[in-house]
Amino acid sequence: MDPAGHKYFTVIDYVIFGLLLVASMSIGLYYAFTGGRQSTTQEFLIADRSMKCLPLSLSLMATFQSAVAIIGTPAEVYAHGTQYWFIGCSYVLGLLIPAHIFIPLFYRLHLTSVYQYLELRFCKAVRICGTVTFIFQMVIYMGVGIYTPALALNAVTGFHLWGAVLATGLVCTLYTALGGLKAVVWTDVFQTVVMFTGQLAVIIVGVHQAGGLSEAWGKVRDGGRISGIDLNPDPTVRHTFWTLAVGGVFLMLSLYGVNQAQVQRYLSSRTEREAVMSCYMVFPCLQLALLLSCLMGLVMFACYGQNSPVEQQYITSKDQMVLYFVMDMLQNFPGLPGLFVACLFSASLSTISSAFNSLATVTMVDLIKPHYSMTEARATLLSKLLALSYGIICLAMAYLVHLMNSSVLQAALSIFGMIGGPLLGLFCLGIFFPCANSIGAVTGLSAGLLMAFWVGIGGFLTRMPSPVIPLLNSTITVPDVSENITAATAELEADRSAGLHGFYSLSYMWYSALSSCTVLIVGLIISCITGPTKGDDVASGTVYPVVKTAQSYLKPSTCCKTTAEHKQVDGQKEMNGTVKEDAGSQEETQRFLPDVELETSV
Ligand SMILES: O=C(O)CCCC[C@@H]1SC[C@@H]2NC(=O)N[C@@H]21
Ligand code: NA
């Protein structure tokens, strides 16, 4: 390790990294020249609805498990302990609700873009608002996703920053633009295997370097990194059981319930059952991913203890720790640093490719197709060009993130909270409240976004590292200074949690919950003021009958009737033959909904 903290790759490391890019590219090319050769939007965007649940579940997990989680989670656990692990509790409801409410509803509407639902339930304007909000969210998120691995690499290995960004961005854009959703799903599967292998290798070597399991465990426990369950109800505390396990449910619903990248995978399943199964199978994959990244943080602590390379000025930010650790530990295992870098870029590629593909889908289906009629060939070509142009935009976003320079994990989760939260609220307004109307939906969404940005930006600004100057006077000895600093910090915390400061210091893990609830409250108030929608005016199959379902569970007799009713509807749908693909307009969509009343809400 030269004084600058830089390590240098051996040739074999570059070879392994290169192999990853070549393998990903070849999967993309394979799907570009086999099957239907990506000649229709049905194949390019939705994989001909032929996907099975195993590859889908790995792809669903990989989509929101990028280098941010691989780098950010260990840094979080190293610095603050294992409190973050409780986010795993949010995966239960965070996946059950999508599996039993969102997937069946969206699947039976036979959508291609989840935003078609908004036109069915409300009107075209609401669909456009939802689509634009989603594009905004994913473009920013992609910037973080592509920049994170390059930043960490450059800081520790001298790997050329923009060379890495360009290599990743170009490879990813090409195989996504050539191979469509099939290529994205199968590269996700391959990249997930590389990601898990790389993390496991580093953990095993790290434990060995820390002196073995019992030695490592002792250091971690004595270092106070095994945090118990923190039931503190204070919403301004960054990570407690409540912010992670409850706030995390809203975060998960916004990602695995209504995010186009995930819904597109559910919709590409062969059957509704496969889609539900793929959602169930995401649970163990996510828990394994969380386990590996938390263990990585603990192993780093076992090796470095309190005096981390950040204190030693080897690196400038916590987010560079993981790569520093890898280079430090694996230096004499030639090929392993390259494997871990491949793991890092696999995590990034599998997220960015999903983002490109979902952005191209919604732009095509929600913004272009309804307004311009064109041949299938031109539509497919345009979808490919869109995937390419989103690749370019994302590289520009990477530069913007470079300027932001906050903890990458918190940045990503804040983006989901601030933009994914209002979108979750919009869909829940439509699905659970039949009285909600279009005006309520649009004003609700705007209010949710405003609230999210108010607390998000406000929090970002007030949390600027205010210099805690030790209160110096002649009699103070060192321990007293620390007392005074604690006193000063406590005073700072105190006045911060009072009034507006309290609002600004809300934990970022509550952004999803706060913004989605704002959409619901404002949306319902405005709907009631401007004339609520009548039950039978709601397009059938677009609301979840909470009341009716609850009743059917209360009276078992009706429940089998409900199942029978479902069978009849499914039978009816079969009789209707293939249903219209994408709803360009309301009446068109009306036609393909099963004319037998799905359980509309009471
Ligand atoms: O890794 C990323 O790109 C984003 C950070 C993790 C996003 C959330 S956290 C809860 C859920 N579990 C995951 O592994 N990813 C998502
Ligand atoms: Na990923």
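Counting starts at 1 for both ligands and their atoms, following the listed order. Keep in mind that the numbers below use all heavy atoms, side chains included, and drop hydrogens, waters and symmetry copies.
Considering backbone and side-chain atoms together, Ala69 places an N or O closer than 3.5 Å to an N or O of ligand 1. Any N or O atom pair closer than 3.5 Å counts here, and Gln65 shares at least one such pair with ligand 1.
Neither the backbone nor the side chain of Met61 comes within contact range of ligand 1; no heavy atom lies under 4.0 Å. With a 4.0 Å heavy-atom cut-off, ligand 1 is reached by no atom of Ile70. Contact annotation: for Thr351 versus ligand 1, there are no heavy atoms closer than 4.0 Å.
Distances below 4.0 Å separate heavy atoms of Phe64 from the following atoms of ligand 1: 1 (O), 2 (C), 6 (C), 7 (C), 13 (C), 14 (O), 15 (N), 16 (C). Near Leu286, meaning under 4.0 Å from one of its heavy atoms, ligand 1 places the atoms 12 (N), 13 (C), 14 (O). Every atom of ligand 1 is numbered from 1 in the order shown, and the set under 4.0 Å from a heavy atom of Val68 is 1 (O), 2 (C), 3 (O).
The Na ion (ligand 2) is the vertex of the angle joining O of Ala62 and OG1 of Thr351, which measures 90° to the nearest 10°. Centred on the Na ion (ligand 2), the O atom of Ala347 and the O atom of Gln65 lie at an angle of 90°, reported to 10°.
Scanning the protein for heavy atoms near atom 12 (N) of ligand 1, the closest one is Tyr91 OH, 3.0 Å. Scanning the protein heavy atoms around atom 5 (C) of ligand 1, the nearest turns out to be Leu409 CD1, 3.9 Å. Of the protein's non-hydrogen atoms, the one nearest atom 1 (O) of ligand 1 is Ser66 N, 2.9 Å. From the protein, the heavy atom lying nearest to atom 4 (C) of ligand 1 is Tyr141 OH, 3.7 Å.
Taking 4.0 Å as the cut-off between side-chain N and carboxylate O, Lys182 and Glu43 count as a salt-bridged pair.
Relative ring orientation between Phe301 and Tyr78 is described as tilted, the plane-to-plane angle lying within the 30° to 60° band. Using cut-offs of 30° and 60° on the angle between ring planes, the pair Phe106 and Tyr117 is perpendicular. Taking the six-membered ring where tryptophan is involved, the planes of Phe453 and Phe136 are tilted, since the angle between them lies from 30° to 60°. Ring orientation note: the planes of Tyr115 and Phe427 are tilted relative to one another, at an angle of 30° to 60°. Note: Trp454 and Tyr504 have perpendicular aromatic rings, judged against thresholds of 30 and 60 degrees for the angle between ring planes.
Crowding of Tyr30 atom OH: a count of heavy atoms from other residues, nucleotides or ligands under 6.0 Å not exceeding 12.
Not one N/O/S atom of Ser348, from backbone or side chain, sits under 3.0 Å from the Na ion (ligand 2). The Na ion (ligand 2) does not have Leu349 among its coordinating residues (no N/O/S atom, backbone or side chain, under 3.0 Å). Because the distance cut-off is set at 3.0 Å, Ser350 qualifies as a neighbour of the Na ion (ligand 2) through one of its N, O or S atoms.
For Thr82 and Ser227, the side-chain atoms include at least one donor-acceptor pair closer than 3.5 Å.
Around atom 11 (C) of ligand 1, the closest heavy atom drawn from Gln287, Gln410, Met252 belongs to Met252.
Under a 3.5 Å cut-off, the side chain of Thr73 and the backbone N or O of Cys294 do not form any donor-acceptor pair. Remark: the backbone N or O of Ile415 is not paired with any side-chain donor or acceptor of Gln137 at under 3.5 angstrom.
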- [ ] Evaluate side chain to side chain donor-acceptor pair (under 3.5 Å) for Tyr107 paired with Ser269, printing each intermediate quantity in order.
- [x] CA-CA 9 Å; Tyr107 197 89; Ser269 307; 5.8 Å; no
